[in-house]
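Reading through the structure tokens given below for one structure.
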Amino acid sequence: MADRLDVAERLAEGRLAVEHTQTYVRACQALGYQHPDLTAHASRILEWFDSEEGLDPRVLDRDCAELRAAGDAVAEALRVQRAQVAELTAAWTGPGGDAAARVLQRHCDSAIAVVTELRAAAQRCESLRDNLWYLVDSKVATAVAVDERAHQPEWLPAAV
């Protein structure tokens with residue numbers, strides 16, 4: 001089984017099954033079967049199967065990690081900023097201190113929004129990565145299952 005997120009390796013695991021299916025379609029075409037999608041081009045099924053070639057969800061995985069790290073860095077900066085608000089309000093009283101504390105609090109509020117959005121972006125990125133992998137993995141599993149169901153010892157040699 002291919003390493004998780006290795007699209008090239010996973011596609012390679014299904015390539016023989018797809019080649020068998022393409023062979024069966026060509027044999028059917030030689031017997032007169034016509035289908036606008038399947039028989040219009042000699043390697044249509046293989047082309048469809050290879051449509052994710054070059055896709056690399058590991059790049060998305062690294063992006064997810066970077067988004068998580070950025071969220072952690074901003075959360076740490078927010079922690080420091082909150083401590084500064086507490087120190088400021090303890091050290092500076094009066095209208096000037098109150099105004100300065102409000103300014104810093106607005107910065108904290110903005111930082112909270114940034115942390116929230118970075119974490120949400122990381123989750124969406126992870127979801128995209130996982131969904132892409134699921135689709136590729138399912139496509140290969142389906143191609144192999146179709147080939148296994150169609151496999152009859154005499155069919156493939158007769159189709160060639």
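Values below: every heavy atom of this structure, side chains too, minus hydrogens, waters and symmetry copies.
Contact of the E47 side chain with the E53 side chain is not registered, since no non-hydrogen atoms from C-beta on lie closer than 4.5 Å. Looking only at side-chain heavy atoms (C-beta outward), V144 and H20 stay at 4.5 Å or farther from each other. Side-chain contact between V136 and K139 is absent, with no heavy-atom pair separated by less than 4.5 Å. Counting heavy atoms from C-beta outward, D98 and R102 have side chains that approach closer than 4.5 Å. No side-chain heavy atom of Q123 sits less than 4.5 Å from a side-chain heavy atom of L67.
Under the 3.5 Å distance criterion, the side-chain polar atoms of Q22 are matched with a main-chain donor or acceptor of A42. In this structure a side-chain-to-backbone donor-acceptor pair under 3.5 Å is present from S51 to W48. The backbone N or O of E19 lies less than 3.5 Å from a partner atom in the side chain of T23, making a donor-acceptor pair.
Note: Y33 and H35 have parallel aromatic rings, judged against thresholds of 30 and 60 degrees for the angle between ring planes.
Within the model, atoms CH2 of W133 and CG of D130 stand 11.0 Å from one another, a figure rounded to the nearest 0.5 Å. The distance from atom CD of Q34 to atom SG of C28, rounded to the nearest 0.5 Å, is 11.0 Å. To the nearest 0.5 Å, the span separating CG on D147 from CG on L16 amounts to 6.5 Å. Expressed to the nearest 0.5 Å, how far CG of D56 lies from CG of D61 amounts to 9.5 Å. With values rounded to the nearest 0.5 angstrom, R4 atom CZ is found 10.0 Å from D137 atom CG. Between D37 atom CG and I45 atom CD1 the span is 10.0 Å, to the nearest 0.5 Å.
Screening V7, D6, N131 against P57 for a side-chain contact (heavy atoms from CB on, under 4.5 Å) leaves a single residue, V7.
Two different hydrophobic clusters hold L156 and V146 under the rule that ILVMFWY side chains link at heavy-atom gaps under 4.5 Å.
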Discussion item. Determine whether R129 and E126 satisfy the following criterion, salt bridge (charged side-chain N to carboxylate O under 4.0 Å, His left out), listing intermediate values before the conclusion.
Written reply: CA-CA 5 Å; R129 174 205 62 208; E126 290 163 353; 5.0 Å; no
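The list of side-chain hydrogen bond (donor to acceptor under 3.5 Å, both in side chains) pairs with a residue in residues 107-117, not counting sequence neighbours, reads Q105-D109.
Contact detail for A101 and T89: the closest heavy-atom pair is CB-CG2, 3.6 Å.
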